[in-house]
Each structure stands twice: as structure tokens, then as C-alpha cells.
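The structure under discussion appears below in the form of C-alpha cells.
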Amino acid sequence: MPQHLLAIDDVADDFEAILRWAIEFKRLWKQGDEVAMNFLPLDTLAIGSIYEKPSTRTRVSFEVGVQRLGGSALTLLKNDIQLGKSETIGDTSQVLSRFLGGITYRCFGHEDVEELAKHATVPVINALSYKHHPCQAAADLMTVIEHHDDTENLCVAWVGDGNNVLHDLMLACAMLGIDFRYACPEGYEPAEDVVERSQKFAEEQGSQLMHTTDPTEAVKDAHVVYTDVFISMGEEHMKDKIKSFEGYQVNEAMVEGMDSKWSFMHCLPAHRGDEVTDWVMDHEQSIVFDQAENRMWAQMSLMAYLINNGAWEAMREFMGLA
Ligand code: CP
Ligand code: NVA
């Protein structure tokens, strides 16, 4: 059975090592380290990425990341393939498994990526579903660690919709024992099962998980504030939803209540003027473009981990983790 990544807690046991490797590999690669630059765990493997929704970061970071690991990247856009028109997800999955070393899938309902994984004989990576966005969370926690040394005393606050990005961020913070508060308006809270899973990790790690409907309470003395669009892809018909987010914009007044070394995070794309102001987005303490870049490094680590176990052993040894 291949190991899939449908939600970030699928890699809970090795999450810290995956992030450590991503950070170290990025550093070595950027300083032109020959060993890092010639480390090709995906050598000769093709990775196929199916997109049912638009993407900038996920698509480019997977295409470039796969190439840097020695593999070839195939992007399969919804309108160009048979999936959903004349072929089931299960049949597509079995066919693609005969050609590819791994499949990434950006879809609508989370059950679609579950179905693809059920029939795949190669690892499936969720590249965003309505419920989860694990690759984003891996890049996010990598970025948090790079910018904040003391994760033990760190508090991350979410202000916004109870959506896919919140789900995996909350799980990931809890998995690493980072205190997490989330402010979501009534009716837009995260899924109960995700909160329960996160609560379990937080208890194991001895960290706090708190919900409020008051953004000011969530960000008070916090080190990181994170938001996302109020209307996600697939919710374009729900324009009225935005009315529930009055007071949820991350702006200058909101960050005033935070620790002076606050960071602003956003998965992007951002709707400037809605969930965040230009002042915050363009502030020197905004780390949104580091997050975007880290999508690639974190996914490279995840792919080597999931797709090629031999490579992961070599990576652990390389990092002194063996
Ligand atoms: N954050 C993110 O997943 O961006 P894209 O939609 O551009 O891939
Ligand atoms: N919540 C957003 C994230 C985009 C990266 C969406 O699903 O559209």
C-alpha cells in the first residue's frame, strides 16, 4: 500500500523531520552545495498533477520541485483529460498508476481525492481539496520555524474562514506543540473532526488550542497572524458570505495588539482590501512570499518521503537523523 498525503496528519510521525530536511536542503541548495544539487530521489520518475481548479503556486512549485529532484512533471488540466467526463476517478487512478511515480490532485470535494487514493498503487498527494490543503501547511510550518526560533513559546492565530487552509494549519501547529487560536464567525467554524484530531495532538504535545469569535482576542500577544480569502474556490456563488466577516480584516489596528515581532501569513492568492490591507501585506513583517517559495522546498521533502523510501533513508542519513 503506498503512503498517501490527503491531510497533514497523514505524516504526523515524521512531520518534524520532513520540515527539518526541507529547511536544510533549501539552505544547502542555495549555497550551491554539490551533494544537495545532485541529490535526485525522483530520478526517471514522472509525477502527474491533476487540476480541477486554477493554481499558480501549487502548479509551479510542483513542476519546478519535481524537475529539481530529477523527475519529470506532467500537468493534467481537467478539460484536457477524460476524468469526470467519460472516465471514473477510480479508473483514471489505476491507469495513471501504471505510468507515474506519484499523483497530485487538486479537486473540489475531499471524497474525490480519497477515491483517487483508494485506487492508486502509487502515492497520492492532495494539492488542495475543499477540506484539506496539506502541502500548504507543510510550507507554512517550515516558514514559521525559519522566522521564529522559539517554537515552544509561540502562538499562531488564525483570523477568518473555517476552511481547508485553517484545517491543516491547525493540525500542523498542534502536531508540533505550537499554541493555536482561531477566530471564525458563527457558522464558519472548522470541521468538528479536524478540531478533535487537532485537540488530540495538542494534548499529547501539551499545547493550547482555542476558539473565539473575537479576532482581537485571538491575536492578543500572538506571534503570527494568518488569514485566507473569505470566499474560497467553488464558493463564488456565496458572495453574501463576506458580510459575516466584518471586523475580521487583518489591518494595522489588528496587529497592534500582537507581539512586537509579529509575522503576517497568507497562503495566497490574497484579496487585498478584503481579508487583509496593503499595509499589512507589504509590511516588512509579512512573510507571505517566503511561504510561497517554501511550497517548493516542503513539497520536495514530502515527495522524497512519500515516493521513494530509499531516498528518505539517504536523506535522514545526510541530515544526521538516522
Ligand atoms: N496557496 C495556493 O495553493 O496557491 P495556488 O492556488 O496558486 O496554487
Ligand atoms: N481557501 C482557499 C485556498 C486557496 C489556496 C481556496 O480553497 O480557494
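Note that these values count all heavy atoms, side chains included, but never hydrogens, waters or copies made by symmetry. Ligands are counted one by one from 1 in listed order, and the atoms in each one are counted from 1 as well.
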Derivation of the side-chain hydrogen bond (donor to acceptor under 3.5 Å, both in side chains) call for T212 and D214 = CA-CA 5 Å; T212 172; D214 177 3; 5.2 Å; no
ask   = ligand 2: which residues have a non-hydrogen atom closer than 4.0 Å?
value = L128, N163, N164, V165, D228, S232, M233, L268
ask   = Distance from I47 atom CD1 to F62 atom CZ, nearest 0.5 Å?
value = 9.0 Å
query = Can a salt bridge be assigned to the pair E63 and R59 using a cut-off of 4.0 Å between side-chain N and carboxylate O?
reply = yes
ask   = Taking it one step at a time, do H223 and S263 satisfy side-chain hydrogen bond (donor to acceptor under 3.5 Å, both in side chains)?
value = CA-CA 6 Å; H223 305 93; S263 297; over 6 Å; no
ask   = Who's touching ligand 1 if we go heavy atoms under 4.0 Å?
value = S55, T56, R57, T58, R106, H133, Q136, C267, L268, R295
query = Should K220 and E217 count as an ion pair when the cut-off is N to O under 4.0 Å?
reply = no
Minimal non-hydrogen separation, K53 against L128, with atom names = NZ-CD2, 3.4 Å
Sequence-distant partners of H147, ring-ring contact (aromatic ring centres under 6.0 Å, His included), two or more places apart = none
inquiry  = Between the side chains of K26 and E146, is the shortest nitrogen-to-carboxylate-oxygen separation below 4.0 Å, so that they form an ion pair?
reply    = yes
key: Qualifying residues under salt bridge (Lys or Arg N to Asp or Glu O under 4.0 Å), relative to K241, sequence neighbours excluded   = D161, E235
